Amino acid sequence: MTAETSQTLDRGLRVLKLLADTDHGLTVTELSNKLGVNRTVVYRLLATLEQHALVRRDLGGRARVGLGVLRLGRQVHPLVREAALPALRSLAEDIGATAHLTLVDGTEALAVAVVEPTWTDYHVAYRAGFRHPLERGAAGKAILAARAGGGDGDLGYTLTHGELEAGASGAAAALVGVTGVEGSVGVVMLADAVPERVGPRVVDAAREVADALR
């Protein structure tokens with residue numbers, strides 16, 4: 001800690017991070033041990049966070065992340081979208097296909113940013129806000145592959161054809177190394193197969209977006 005930082009705020013943020021990393025919540029004693037502070041301090045931190053709906057405690061006394069974090073989370077998408085747009089524009093223009101940034105939303109893939117190429121005669125219409133199961137389409141499958149620890153071979157991208165729209169092929173690569181953001185960058189095009197150079201180009205774009213979000 002430095003003179004410019006708040007110890008209390010630091011501890012409160014650490015509580016939220018600890019709770020976010022568990023599915024079963026934590027007791028006051030567990031939080032006290034993890035933070036290295038006494039139980040009274042933890043009670044005060046939890047009471048303050050509860051007032052802002054950032055933490056809730058169940059009947060058994062275990063603390064969990066509260067619904068108030070959702071209100072904060074709604075502001076994340078515009079920030080992520082803004083950071084990703086330069087890389088998406090470059091990708092769309094280079095490949096001549098619709099580029100998109102997709103984030104995980106529960107069990108679905110949610111397109112939060114879409115850029116269409118300006119010079120092509122036709123391209124796939126793909127809109128921000130479009131949802132689909134993670135198990136279908138290159139965007140979702142790339143995310144699942146990253147969770148499992150791998151992509152398409154050693155290249156780190158996923159290819160699909162006709163899974164979301166008849167006649168359309170997709171390529172996507174997961175965002176890697178971005179804390180708190182799970183998603184992918186990809187392109188969708190009207191083609192029977194994705195050209196060989198597209199996969200590596202998508203991987204490069206995903207790296208650019210990840211760098212912009214760090």
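Keep in mind the model is a prediction, meaning the values are calculated, not measured. Numbers here simply count residues along the sequence, with the first being 1. Atom set for the values below is all heavy atoms of this structure, side chains included, hydrogens, waters and symmetry mates excluded.
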**OP:** Look at atom CG of Asp192 and say whether more than 12 heavy atoms of other residues, nucleotides or ligands are closer to it than 6.0 Å.
**Re:** no

Taking every non-hydrogen atom, the tightest pair across [X] and [Y]:
X: Ala206; Y: Leu175; answer: O-CD2, 3.6 Å
X: Ala205; Y: Ala87; answer: O-CB, 4.1 Å
X: Leu46; Y: Ala63; answer: CD2-CB, 4.0 Å
X: Ala191; Y: Ser169; answer: O-OG, 2.6 Å
X: Ala173; Y: Gly156; answer: CB-O, 3.5 Å
X: Ala113; Y: Ala128; answer: N-CB, 4.5 Å

Looking at [Y], is its backbone amide N or carbonyl O close enough to the side chain of [X] to form a donor-acceptor pair, meaning the two atoms are under 3.5 Å apart?
X: Thr120; Y: Gly96; answer: no
X: Arg214; Y: Gly177; answer: yes
X: Asp105; Y: Glu108; answer: no
X: Arg136; Y: Glu163; answer: yes
X: Ser184; Y: Ala172; answer: no
X: Thr27; Y: Arg62; answer: no
X: Arg64; Y: Asp23; answer: yes
X: Glu93; Y: Thr118; answer: yes
X: Arg131; Y: Leu110; answer: no
X: Ser32; Y: Val37; answer: yes

Out of curiosity, [X] [atom1] to [Y] [atom2], how far, rounded to the nearest 0.5 Å?
X: Asp204; Y: Leu91; atom1: CG; atom2: CG; value: 9.5 Å
X: Met189; Y: His123; atom1: CE; atom2: NE2; value: 12.5 Å
X: Arg11; Y: Ser6; atom1: CZ; atom2: OG; value: 9.5 Å
X: Glu82; Y: Leu213; atom1: CD; atom2: CG; value: 11.0 Å
X: Glu165; Y: Thr160; atom1: CD; atom2: OG1; value: 11.5 Å
X: Thr158; Y: Leu144; atom1: OG1; atom2: CG; value: 9.0 Å

Check whether [X] and [Y] end up in the same hydrophobic cluster, where Ile, Leu, Val, Met, Phe, Trp and Tyr are linked by side-chain heavy atoms less than 4.5 Å apart.
X: Tyr126; Y: Leu101; result: no
X: Ile95; Y: Val114; result: no
X: Tyr43; Y: Leu35; result: yes
X: Val185; Y: Val80; result: yes
X: Tyr157; Y: Leu103; result: yes

Original post:
Taking the six-membered ring for Trp, are Phe130 and His132 parallel (under 30°), tilted (30 to 60°) or perpendicular (over 60°)?
Top reply: tilted

Subject >> Pair Arg197 + Asp94: basic N to acidic O under 4.0 Å >> reply: yes

Can you find a pair of side-chain heavy atoms, one from [X] and one from [Y], that are under 4.5 Å apart?
X: Lys34; Y: Arg14; result: no
X: Leu54; Y: Val65; result: no
X: Arg201; Y: Ser90; result: yes
X: Val115; Y: Thr98; result: no

Subject >> Side-chain H-bond candidate by donor/acceptor type, Thr22 with His24, under 3.5 Å >> reply: no

Original post:
Given Thr8 and Arg44, is the side-chain contact (heavy atoms from CB on, under 4.5 Å) satisfied, shown in steps?
Top reply: CA-CA 10 Å; Thr8 301; Arg44 290 172 179 167; over 6 Å; no

**OP:** List the steps, then state whether salt bridge (Lys or Arg N to Asp or Glu O under 4.0 Å) holds for Glu50 with Arg57.
**Re:** CA-CA 8 Å; Glu50 278 186 295; Arg57 278 184 276 187; 2.6 Å; yes

**OP:** Please lay out, stage by stage, how Glu116 and Arg127 fare under the test salt bridge (Lys or Arg N to Asp or Glu O under 4.0 Å).
**Re:** CA-CA 10 Å; Glu116 298 176 346; Arg127 297 288 180 262; 2.7 Å; yes

Original post:
Under the side-chain contact (heavy atoms from CB on, under 4.5 Å) criterion, do Leu26 and Val15 qualify, and how do the steps go?
Top reply: CA-CA 10 Å; Leu26 295 170; Val15 167; over 6 Å; no

Subject >> Worked verdict on Val202 versus Val187 for side-chain contact (heavy atoms from CB on, under 4.5 Å) >> reply: CA-CA 7 Å; Val202 166; Val187 294; 4.0 Å; yes

Subject >> side-chain contact (heavy atoms from CB on, under 4.5 Å) evaluation trace for Ile143 with Val104 >> reply: CA-CA 8 Å; Ile143 295 168; Val104 172; 3.6 Å; yes

